[in-house]
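A short worksheet on the structure shown next.
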There are 2 protein chains.
Amino acid sequence: MKKGKATIHDIAEKLNTTASTVSRALNNNPRISDATKKQVLKMAKQLNYQPNNIASALRSGKSKLIGVVVPTANRNFFSSVVRGIEEIANNLNYKVIISQSYEEYDKEVDTIETLLSARVDGIIASIGKNTENFEHFQKVLDKGIPLVLFDRITDHLEVSQVVIDDYYGAYQTVQHLIKQGCKRIVHFTSPKKINIYKERLRGYEDALKENGIPFDPLLIEESNMQLEDGRQSMQHILDKKIHFDAVFSASDYAVMGAIQVLKEHHVRIPQDVKLAGFGNEPFTTFSDPSITTVDQKSIPMGRVTAETFFDLLKSGTNSVPQKTVLKPELIIRQSSQSPEEYKTLNFDQNDLTNSSY
Amino acid sequence: MKKGKATIHDIAEKLNTTASTVSRALNNNPRISDATKKQVLKMAKQLNYQPNNIASALRSGKSKLIGVVVPTANRNFFSSVVRGIEEIANNLNYKVIISQSYEEYDKEVDTIETLLSARVDGIIASIGKNTENFEHFQKVLDKGIPLVLFDRITDHLEVSQVVIDDYYGAYQTVQHLIKQGCKRIVHFTSPKKINIYKERLRGYEDALKENGIPFDPLLIEESNMQLEDGRQSMQHILDKKIHFDAVFSASDYAVMGAIQVLKEHHVRIPQDVKLAGFGNEPFTTFSDPSITTVDQKSIPMGRVTAETFFDLLKSGTNSVPQKTVLKPELIIRQSSQSPEEYKTLNFDQNDLTNSSY
DNA sequence: ATATAATATGCAATCGATTGTACAAATAAT
DNA sequence: ATTATTTGTACAATCGATTGCATATTATAT
């Protein structure tokens, strides 16, 4: 029916006024009388007017878009952070463009480029595992475009950051395992020494030290820490007949793999070996046994990240980079302690062929 | 160092030519000589020129943005579809804005509004469970903006759609369970009779009929089909001492819950009860036992959806809506048949307190 | 050599909203 | 009543790229 979309000019014409007045009225500019505002609003509704954000963005230089770069949206942690960010952003009338880097450096660079040319007002990002060069982020900073990093951060940039205390989370977890009587604790970590894995390793080491348990490099398994990697790491430990009584994995996925392998070898969990992961992925609750893990406070992290971002947006780039550290929470489940019903399950113990642990 | 970003005017000035020539050169317009093009490209690089998509969008009416609405990005299926869409879109130099409706009707309406005012060139969506009114989508169609629906569709709109053959997937699964000897097959479905659940139920019914097995309403459990719902449904069946030997759930999450409850009652899987889900969520591979399920061909679905979308974009809205149906794939795992190693696990059978199945 | 066609480039309007400045009307101050 | 002040609107430039049309240049045909 109606032809092209209505513009402020159409509204102005109908009202025998000008576009500038209409614009100001719509933006609730104090210089416009209430009477005119009311008229304009009414006519806008009548004409089914929808503001053209593109035009507005061009003129004002503000797109009201913010780009969020995550390694993958398909991870509870990241999608929850995004949800937290969206919450805040939408309240402020900003829209969020989610881009995935898929842990690929090239994709990440591309994606930043894309967001910049989409003229986002700022960028929130978590760095991919394989990123070792940060020029693309530096470029963002150089252009004076607000940038906030969360979780996967780097020291190579002067930028606001929001992280959890990975050190503390790991430390608490290992302390817990030790309290459960474990002394030979395997640690799954990544060869990529990005901040989160470095910190978790440090927490592991310090907890051992504090309890007078010697650090044994044989207990450290490096991998990409997906499920399959966890399987291989576990298998590797078993094959080498390394004595161990617990596993602390920097990733929930890897610990899941380890559990599978242990089960296949009829190792009892948690009686013979206790395990803990990191991340509180949903499957850790419904795995059998359920998995002790560290919750990363994803939604709060999203909110805090967004708040940091909007502070930055307001204050301009001159403000000093802020680093916020959130406390993670250790969530103790079956895999690291023996609840009653579990003890009654009575797995067949004759099948314990591997006696090295 | 460099002040404001370079524009085509800056390039033109340096080259002693005009913005229009530069614009055409950058867009590889055949009316510009190769020599000039080369010069322009070189100068663009030199000035670190970055096209202003906003300006381009305003003038051309094409934002090169496409909006994708999913109930939640935090589901393997949806994030994979998005990945498929991105693949195609990025190749064509389009960017994807992902929006999540979180299965909330209001959010969905809002999100569509937001995308429209961001002036996306079109929308790809999967409808939330609670959406029963489709005016917001109709509005998109009325504006002549390309719209394609995938997976969660509706008959209330004349719109291009991409789905898998849910009927076929369910039918195959139930046939499989019957071949395994099952005759009393519980079905978990949703009270929301959206297309996918209707079709899966139909497949279930037809498979039974074809095998001369009577349909028993007592075996149908309706819920929201999250993990907890699956637990409750299973518990409900057990409490009512309804005889059954299999569960076919329209959701992987619900079947996971069912498995937990069955285990708690020391029901042996798959010896006593066989189970199958739908969706091929990652956890179905590493659950114990691993879960038979239906793969929804998410990446291909994403690709096909994107292709359908871009066809529509090219041909204009006058083209007839297309419906594409992809074949899903039944993936048989431990939960529905007895592999060798499983038989040797020897769960304690004395604990079978519930003898009603 | 002149007309015709083909090729390459420039001019200027345009997309729709924003905003600094100018101006008119209304109100207040003298 | 006249000037000063406030209040409300209008004018016109602007953001940066695109594009129909005009024009200049070169190549081809006659």
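Keep in mind that the numbers below use all heavy atoms, side chains included, and drop hydrogens, waters and symmetry copies. Convention: sequence-line order gives letters A, B, ...; per-chain numbering from 1.
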Dump the pairs, protein N or O against N or O of nucleotides 24-26 of chain C, anything under 3.5 Å, distances to one decimal.
none

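In the set D:dC11, C:dG10, D:dA17, the nucleotide with an atom closest to the side chain of B:R24 is C:dG10. Here the side chain of B:S56 is nearest to one of D:dG20, C:dT18, D:dA17, namely D:dA17. Each of C:dT18, D:dA10, C:dG10 was ranked by its minimum atom distance to the side chain of B:S20; first place goes to C:dG10.
With 3.5 Å as the limit, one finds no donor-acceptor pair spanning the side chains of A:Q322 and A:S160. Under the 3.5 Å distance criterion, with hydrogens and angles disregarded, a donor-acceptor pair is assigned to the side chains of B:D142 and B:Q138.
The interatomic distance linking A:H9 (NE2) with C:dT18 (C1') rounds to 10 Å, in whole Å. A:N53 places its CG atom 10 Å from the C1' atom of C:dA17, with the value rounded to the nearest Å. Following rounding to the nearest Å, A:I8 (CD1) and D:dT14 (C1') show an atom-to-atom distance of 13 Å. The nearest whole Å value for the distance from the CG atom in A:D10 to the P atom in C:dG16 is 9 Å. Atom CG of A:L26 is separated from atom C1' of C:dA17 by 10 Å (rounded to the nearest Å). One interatomic measurement links the two molecules: CZ of A:R59 to P of D:dG16, which rounds to 10 Å at whole-angstrom precision. Atom CG of B:N16 is separated from atom C1' of C:dG10 by 13 Å (rounded to the nearest Å). Distance, A:I54 CD1 to D:dT18 C1': 14 Å, rounded to whole Å.
Applying side-chain contact (heavy atoms from CB on, under 4.5 Å) to B:M301 and the options B:V304, B:I299, B:T305 leaves one that passes, B:T305. When each of B:I196, B:I127, B:V163 is paired with B:D151, the side-chain contact (heavy atoms from CB on, under 4.5 Å) condition holds for B:I196 and for no other.
For A:S23, a side-chain nitrogen or oxygen approaches OP1 or OP2 of C:dT18 to under 4.0 Å. Distances shorter than 4.0 Å separate none of the side-chain N or O atoms of B:N52 from OP1 or OP2 on D:dC15. Distances shown here put a side-chain N or O of B:T18 below 4.0 Å from the OP1 or OP2 atom of C:dG10.
Taken to the nearest 0.5 Å, the CD atom of A:E108 stands 3.5 Å off from the OG1 atom of A:T131. With rounding to the nearest 0.5 Å, the separation of NZ in A:K14 from CG in A:L47 is 6.0 Å.
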TODO: Run the numbers on B:K37 and B:N28 for side-chain hydrogen bond (donor to acceptor under 3.5 Å, both in side chains), then give the verdict.
DONE: CA-CA 7 Å; B:K37 281 181 190 171; B:N28 204 22; 3.0 Å; yes
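For the helix from C:dA1-D:dT30 to C:dT30-D:dA1, the terminal axes (five pairs an end, C1' atoms, rotation from four pairs onto the next four) enclose an angle of 50°, given to 10 degrees.
With hydrogens and angles ignored, the 3.5 Å screen pairs a side-chain donor or acceptor of B:D10 with a backbone N or O of B:T7.
For the segment residues 29-36 of chain B, residues with any heavy atom less than 4.0 angstrom from an atom of DNA chain C are, sorted by number, B:P30, B:R31, B:I32, B:S33, B:T36.
Judged by closest nucleotide on DNA chain C, B:T17 is the one of B:A55 and B:T17 placed further toward the 5' end.
At a threshold of 4.5 Å between non-hydrogen side-chain atoms, the residues B:Q39 and B:I11 do not count as touching. Proximity of B:H136 to B:T111: side-chain heavy atoms (C-beta onward) are nowhere separated by under 4.5 Å.
A:K95 and A:E86 are not joined by a salt bridge, as no carboxylate oxygen comes within less than 4.0 angstrom of a charged side-chain nitrogen.
Note: A:F150 and A:F77 have tilted aromatic rings, judged against thresholds of 30 and 60 degrees for the angle between ring planes.
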